[in-house]
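This report concerns only the one structure given below.
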Amino acid sequence: MGAPLHHITALIKSANVAVCSSNYALYGDMSERVKQTLKQFSPEIEMYSIDEAFLRLPANPKLTLRAHEIHKRVLRWTGIPVSIGIAETKTLAKVASRIAKTRTNRVCNLLEQTDRDKLLAETPVTKIWGIGKRHGTWLKTQGITTALQLRNINDKRIRRRAGVLGLRTVWELRGRSCLPLTMTIPTRKGVTCSRSFGRRTRNREQLREALATYAARVGEKIRRDGSAAGALTVFLMTNRFSNEPQYSKSALITINPPSDDEKTLIQLALAGLERIYNANYRYQKAGVTLTNLTPINEVQTDLFHSCQISKAPKERKTNTTQNVAEHIKSLSHILDSLNTTHGAGTIRYAATGIDKPWRMRSNYRSPCYTTRWSDLPRIPTMAPTKTKGLLTKPSLAV
Amino acid sequence: MNANQTKPPLQNQQQTPQPGSRTTAGFPSPSDDYLETPLDLNRLLIKRPAATFFMRASGNALREAGIRDHDLLIIDRASEITHGAIIVALIGGELQLQRFAARSQPNEETNNLPYEIPYEIWGVVTCVIRELS
């Protein structure tokens with residue numbers, strides 16, 4: 001079972017356990033590499049998450065062979081071993097990939113398996129995509145614990161309980177495809193940036209820095225998407241697991257007209273903090289959420305507010321307040337391009353803090369081998385010797 | 001895992017020739033019909049970006065191969081492994097730079113493991129980059 005590091009320091013020492021903090025920059029880069037490799041096998045690819053993808057392949061008798069090729073190439077090119085499940089529908093493909101994980105060759109083609117029913121009977125219903133604990137509990141009361149039983153359920157029953165999404169899942173289990181490949185990324189409905197602190201804090205200044213940083217980060221994200229936010233929520237939480245008194249509050253601020261401007265978002269986040277901050281508690285987690293997102297070119301302004309959107313600066317004729325406001329608006333885009341060119345955090349608002357004592361402690365993070373020049377591995381060179389030696393047949397590294 | 005994704009970074013955008021030398025003279029630049037993309041080291045040196053990694057050499061044992069201490073190396077995991085190639089080998093859990101000798105072609109100068117040790121090839125060094133300063 002998992003345990004927080006500080007609870008098992010004695011064990012770490014005595015058993016000489018290696019500790020690695022998560023390194024999302026590295027994982028993101030490796031995920032991108034796997035995606036690029038997979039793309040060679042099909043132009044129709046949906047990157048479902050950082051480590052899962054759906055590919056559409058034309059049906060033909062050589063699909064299993066193709067899957068083996070895919071596994072081999074991804075492993076050779078990136079070092080990442082992938083499991084591959086093949087079926088008529090996405091839901092079944094996920095069932096198949098789960099089975100593939102247990103096989104040495106990492107491939108499971110349901111289209112060729114003559115014992116499909118047996119495999120479905122061995123798949124717990126809670127492991128099916130779209131059926132979580134909630135539906136699993138009810139299904140158990142109905143005597144349904146395997147994928148096979150769910151597949152055979154009456155349509156009306158599942159529709160009544162789990163809605164059209166539940167029905168789709170059952171149809172997909174039957175081989176009827178209801179979930180097309182999504183190759184366009186859906187526009188965000190909301191975006192959050194929140195973190196647990198490395199150390200619990202009640203320090204108002206530190207909380208201001210943290211929230212300013214999160215507000216800046218979500219601002220970057222919506223600007224990248226070309227959206228503006230109509231509402232901003234700030235929240236604070238104490239540590240649920242501690243014995244200290246609990247406090248969890250949030251503040252919702254409407255942004256009218258919708259804005260994507262960094263300065264505005266930071267100011268609103270800090271104003272929100274003032275509304276919910278209570279000095280009597282030690283906080284473990286805080287965050288900023290932006291909602292009511294609209295595309296930047298569809299923002300409706302009203303007559304009385306000056307438009308707080310980061311457009312590219314127009315020709316400056318006179319130094320009126322309006323033009324100064326417009327000049328500031330474009331600042332967000334200038335910040336973005338500087339940070340893109342010279343690295344994240346190159347230039348930022350002072351409110352986001354310098355030292356950031358509240359930041360997540362990644363003391364044991366492995367180097368960013370693929371995204372930072374300074375983190376490249378240094379490999380020792382070995383001299384060829386004149387003694388006659390024998391090299392065994394090399395296998396390719398995994 | 002949720003289905004919310006961020007857009008991929010824009011770093012890999014293909015450069016297209018832009019009529020950059022727009023003149024104010026009013027007539028088009030004579031080079032507009034002959035525009036080519038600027039020289040790009042990435043396209044020259046990296047054949048398979050997904051399989052390409054960077055590392056630094058440590059030590060001068062492979063000087064005769066043209067590799068010096070602190071040189072930047074381009075490693076391709078998908079490259080063909082030929083006799084005499086400089087490879088990154090994984091031996092006993094550690095990465096090392098060595099020259100590869102195929103078993104069918106024993107060559108006294110390039111065999112470099114005195115014992116029969118199983119090893120794995122992590123990748124092949126395709127380029128060496130050294131900044132002179």
Side-chain angles (χ1 to χ4, degrees), chain A residues 28-40 46-52 73-79 182 185-186 188-192 220-221 224-226 340 369-373 375-398, chain B residues 1-11 48-65 67 69-70 72-73 77-78 81 86-91 94-103 106 108-123:
Chain A
D29 183 73
M30 292 310 298
S31 175
E32 184 60 32
R33 287 166 186 269
V34 170
K35 179 184 173 188
Q36 293 305 322
T37 313
L38 290 175
K39 262 182 160 171
Q40 296 162 27
E46 175 190 335
M47 205 67 190
Y48 177 62
S49 72
I50 196 173
D51 65 350
E52 287 174 88
R73 186 174 302 180
V74 173
L75 184 62
R76 170 94 187 258
W77 283 36
T78 66
T182 321
I185 303 165
R188 286 189 208 266
K189 297 285 189 315
V191 62
T192 304
E220 268 175 33
K221 286 189 189 171
R224 214 186 306 165
D225 287 351
T340 310
Y369 295 118
T370 59
T371 52
R372 290 192 193 172
W373 293 113
D375 283 9
L376 291 188
R378 300 186 52 97
I379 316 295
T381 50
M382 304 301 280
T385 62
K386 291 256 160 79
T387 56
K388 205 169 182 188
L390 284 170
L391 291 171
T392 57
K393 182 170 192 268
S395 54
L396 291 169
V398 294
Chain B
M1 307 292 162
N2 58 36
N4 258 350
Q5 304 161 45
T6 53
K7 285 200 194 129
L10 301 171
Q11 299 142 343
R48 290 165 280 247
T52 303
F53 296 82
F54 294 99
M55 296 184 183
R56 285 212 184 267
S58 174
N60 281 305
L62 285 172
R63 243 189 129 94
E64 45 83 20
I67 298 176
D69 183 52
H70 202 69
L72 178 64
L73 308 172
R77 281 179 62 97
I81 302 158
I86 306 292
I87 58 165
V88 177
L90 184 64
I91 303 176
E94 303 276 317
L95 292 177
Q96 291 179 10
L97 284 164
Q98 295 203 7
R99 215 189 253 286
F100 176 69
R103 198 172 193 174
E108 286 194 41
E109 282 158 313
T110 58
N111 280 341
N112 50 6
L113 284 177
Y115 311 104
E116 210 170 286
I117 301 171
Y119 72 104
E120 293 165 7
I121 296 183
W122 197 95

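Throughout, a chain's letter reflects where its sequence line sits, starting with A, and its residues are numbered from 1. Owing to the predicted nature of the structure, the values given are computational and were not obtained by experimental measurement. Note that these values count all heavy atoms, side chains included, but never hydrogens, waters or copies made by symmetry.
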>> Checking B:Arg48 now: which residues fulfil salt bridge (Lys or Arg N to Asp or Glu O under 4.0 Å) with it, not counting sequence neighbours?
In response: B:Asp76
> Of all heavy-atom pairs between A:Thr381 and B:Ala57, which one has the smallest distance, and what is that distance?
Replying inline: CG2-CB, 4.2 Å
> Where is the tightest heavy-atom contact between B:Ala78 and A:Trp77, given as atom of each residue plus distance?
Replying inline: CB-NE1, 3.1 Å
>> To the closest 0.5 Å, what do you measure between CD1 (A:Ile379) and CZ (B:Arg56)?
In response: 12.0 Å
> Does the side-chain contact (heavy atoms from CB on, under 4.5 Å) test come out yes or no for B:Arg99 and A:Met382, once each step is laid out?
Replying inline: CA-CA 8 Å; B:Arg99 215 189 253 286; A:Met382 304 301 280; over 6 Å; no
> If you round to the nearest 0.5 Å, how far is CG of B:Leu97 from CZ of A:Arg378?
Replying inline: 11.0 Å
> What part of A:Thr78 gets closer than 4.5 Å to chain B, counting heavy atoms only: side chain, backbone, both or neither?
Replying inline: both
>> Nearest 0.5 angstrom please: B:Leu72 CG to A:Leu376 CG, how far?
In response: 6.5 Å
>> At a 4.5 Å cut-off on heavy atoms, which part of B:Asp69 comes close to chain A: side chain, backbone, both, or neither?
In response: side chain
> For the side chain of A:Arg76 and the backbone of B:Ala51, is there at least one donor-acceptor N/O pair under 3.5 Å apart?
Replying inline: no
> Checking B:Ile86 against chain A: side chain, backbone, both or neither under 4.5 Å from a heavy atom?
Replying inline: neither
